[in-house]
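Notes for the one structure printed next.
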Amino acid sequence: MKWNTYDPAPFFDEVLEDIDKPRPVAANLLKYIKSLSNEELQIRKEASQLCIEGMGVSFTVYSEGNNIDRDWPFDIIPRPISADEWEQVDKGLKQRLKALNLFINDVYNDQKIIKDGVVPGHLIDGSSNYLEACKGITPPHGVWANISGTDLVRDGEGTFRVLEDNLRVPSGVSYMIENRGVTKRTFPELFDEQSIMPVSDYPIKLYEMLASLSPRNVDAPLIAVLTPGIYNSAYFEHSFLAQEMGAQLVEGADLFVDEDDCVYMHTVNGKRMVDVIYRRVDDTFLDPEVFNKDSMLGVPGIMRSWKQGKVAIANAPGSGVADDKAVYAYVPDMIKYYLDEEAILPNVKTYLCHIEEDLQYTLDNIEELVVKPVNESGGYGILIGPRATKEEHEEFRKLIKANPRNYVSQPTLSLSTAPVVTDAGISPRHLDLRPFILQGKDCWVTKGGLTRVAMTEGSLVVNSSQGGGSKDTWIVET
Amino acid sequence: MLSRNAERTYWLGRYVERTEDTARLLNAFTHVMMDIPSSGKLGWDVLLKIMASEELFYESYDKATESNVIKFLLCDEENPSSIRSAVKAARENARTLRDRLPAEAWEMLNDLNLFLKKGAEEALHQRNRFQFLKDTVSKCQRFNGMVRTTLSRTQVYEFLILGACIERADMTTRLLDVAAGVLLSRADNLRTFDNHIWLEILKAHNAVMMYRMVNGPMISPKPVLSFLIGEDEFPRSIKHCLDSTKSLAENLPRNETFIKNIDALISNLDSYKQHGKVQLEDLSEFFDETQQGINELHQIIATTWFLSAVAPEQTQTQTEV
């Protein structure tokens, strides 16, 4: 395979230290890939596509008419990370989620952190993710966000930084597991020589975590995965997780709240009590009695049941209050405040437009910044300054001035790159990493996570809803 | 079992059966059309009558030619009863049931769907058609075999087989209704090859050897109809399908109405098949009654055990991170 044209400069590359020297963790991998001819590599690539088709790994794209189900885009070259480095990341992620959960519980109860002036109150009062209905509640173990999919990026120096905390209904974990399955079938030889940490234990850990939330002390609590249905882009994942955990996959209409305020599901034999709901439905669709009255995705009365502790819901409604790009900027302060520790994983420098100085900086330097609305996710509504036109800059200046609270900006990151197989050969592409963190009674982090890669040359957008692909991620013991 | 899943499982069973039965029918009919000289030929529109889809057909096609009819029944995605649509629907139902079925079930249906997607157009040519239809049938049978040998005998199994039996009884009734209507009403001089056609009808049910074990080598309309309608021991006969349906329903809760209806239908079949013979005179009325009876059974299944009986359908979406 021709590698002499592969030049990752000026970015940090996951595989190559410089143009002809692999990073120690990637040495085996690189040697192996180099031993394959371009033709062989293309054959493996096709085999991986067939494998994905055959396994039926798909995701859904909106507004494609009938064709709602698409094969998962996958690049065959794995992305290796050394186990030593991962140990630090693992610690940092746990630390972060613990602090975030203490924060959410504080926000819905005493609001000490606001009274002590560490986090400004208007971030909460003005947030559409703060749910009045959750006030005064402490869920099992005091944990609100039981499942987090935290997005990490490496900057130009190779340092892992947290880009965002996804605490509502983060998706992608099934693809992390399926990616490994595909790699095992595509490059079985690679697993002989190296010690690669497994990822397939996630569903078991997820089950144990969910079971630890059950309001009833039974041997096998009934766990249901609540999906918005087959038209949701992550339906494949909902079904996958239910299947892997041995949980029930339900839609809103399958559930109801009875006179005893417990949640039941309709079965052929009548009603059956549900202990824990892993919901993949957004907060405001959860209960038409409390939130969005027109929601047909939710279950009337479910909030009532949850507040009385008769059913557990993960993530707890209202968790999204900490999943906000303005709140994000305060996470290192939260870690200090609640845990009296320094943040192990740094943030990306963030300018908060509600602060006069930051607002001015953002308006003056918009050409170099990434501007994000605070409440959106999935890469929607973002301006990437260096890639945008003058008109778009102007339009965003207006949007920001009209509602400064709604925007933050960050320097455009030099995201790290890794090699992908393209029709023309091997080229570098930008990528990020989404590990998944579980917190119930205990806290646990996946070994690696979902690596998302921008398939277009030079692009920084990795979201699968925006045409991104993915890679198997290896935590390698060296 | 969730009521919603009961419904999906039932439809999965129906769609897989519909795929197999339609493939068998197209195969048998293509053979008939090749074997019978032009004097005794049937029209391709007979297939449309059997599938009860003449109206829909003429919305998109002007003439019932071979290529139009085969295209319509094999790969037309606008036609909900085409093989292509049935397989897609089967896969779609299985996709929502992956957590209730053996893991291979999904892979098999996924494979069948890819097979149809890639090969259905090719099979419009006669040269490829027989092999294609044969492969389709055998892929369905692989699925059925896997189900029989690895799916636990829970309600999932019961609803799956319930769907398959209802579909098979329905398809067989429609096939025999049209076949008897067309063949038995033809003028004598056109009927030289009719027994050959009855033989193909048996073949379409893979029933030739089983028929001969009961009736000896002679093929003629009465015993063929009698066998496919009322033979207790033959798994593809209407009688056998209904018997199986009944014994499955006996395990389900709130089954009183269903059992009452199916008993009436079965006794109607029995009274019809007096002394092992079928009364040709009022066949048409008999098939109408049976057809209606099967439709009613489906309605009772839906209102007794499915979610649509207790909760409305929903079609909202939300974006995912």
Side-chain angles (χ1 to χ4, degrees), chain A residues 53-56 58-60 62 66 69 149 164 166 168-172 224-225 227-237 239-254 256 265-270 272 280-282 285 294-297 323 377-380 463 465, chain B residues 1-10 77-78 85 88 91-111 113-115 117-118 154-156 158-159 162 251-255 301 304-321:
Chain A
E53 259 184 51
M55 284 159 67
S58 64
F59 77 109
T60 310
Y62 287 115
N66 286 326
D69 201 18
E164 46 185 71
N166 293 296
R168 283 172 276 188
V169 283
S171 61
V225 177
T227 171
I230 58 165
Y231 297 105
N232 186 264
S233 60
Y235 182 79
F236 168 81
E237 173 155 309
S239 148
F240 177 92
L241 290 174
Q243 183 184 352
E244 293 288 318
M245 286 195 289
Q248 299 282 340
L249 180 63
V250 302
E251 294 177 28
D254 294 317
F256 68 99
M265 55 183 203
H266 293 289
T267 79
V268 172
N269 294 328
R272 193 160 164 215
R280 297 295 296 255
V281 170
D282 285 342
F285 285 97
D294 303 320
S295 172
M296 293 186 288
L297 304 176
D323 178 357
S377 55
Y380 294 100
N463 305 72
S465 48
Chain B
M1 178 185 206
L2 277 174
S3 303
R4 177 192 304 280
N5 288 346
E7 183 163 6
R8 286 170 169 168
T9 315
Y10 170 84
E77 294 189 36
E78 302 294 306
S85 301
K88 268 176 89 174
R91 177 179 180 269
E92 200 61 20
N93 279 291
R95 190 157 82 89
T96 59
L97 287 167
R98 284 181 72 168
D99 54 327
R100 306 286 111 178
L101 296 171
E104 285 168 24
W106 162 252
E107 293 192 16
M108 280 182 186
L109 290 171
N110 198 44
D111 173 66
N113 187 52
L114 288 171
F115 178 71
K117 198 163 132 189
K118 288 179 179 151
T154 60
Q155 284 174 344
V156 179
E158 280 161 8
F159 279 101
L162 198 61
N251 298 325
L252 294 172
R254 305 184 304 283
N255 59 8
I301 291 171
T304 312
W305 295 300
F306 294 164
L307 184 65
S308 41
V310 282
E313 269 303 301
Q314 37 166 317
T315 48
Q316 271 185 356
T317 56
Q318 111 189 349
T319 34
E320 190 82 6
V321 185

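Numbered from 1 within each chain, the chains take letters A, B, ... in sequence-line order.
Relative orientation of the A:Phe256 and A:His266 rings is parallel, given thresholds of 30° and 60° on the angle between their planes.
Ranked by heavy-atom pairs shorter than 4.5 Å toward chain A, the options B:Leu97, B:Leu252, B:Thr96 are led by B:Thr96. Contacts with chain A were tallied for B:Ala6, B:Ala103, B:Pro253; B:Pro253 has the most, counting heavy-atom pairs under 4.5 Å.
For B:Leu109, no part lies under 4.5 angstrom from a heavy atom of chain A. Contacts of B:Asp111 with chain A are absent, with no heavy-atom separation under 4.5 Å from either backbone or side chain. Both the backbone and the side chain of B:Leu2 come within less than 4.5 Å of a heavy atom of chain A. For chain B, the nearby parts of A:Glu53 are the backbone and the side chain; heavy atoms of each come within less than 4.5 Å.
Taking B:Ser85 as the reference, B:Ser82 meet the side chain to side chain donor-acceptor pair (under 3.5 Å) condition, with sequence neighbours excluded. Listed by chain and residue number, B:Arg84 satisfy the side chain to side chain donor-acceptor pair (under 3.5 Å) test with B:Asn113 (two or more places apart in sequence, or in another chain).
B:Glu7 and B:Arg4 are not joined by a salt bridge, as no carboxylate oxygen comes within less than 4.0 angstrom of a charged side-chain nitrogen.
Taking each heavy atom of A:Asn166 and A:Gly149 in turn, the nearest pair found is ND2-O, 2.9 Å.
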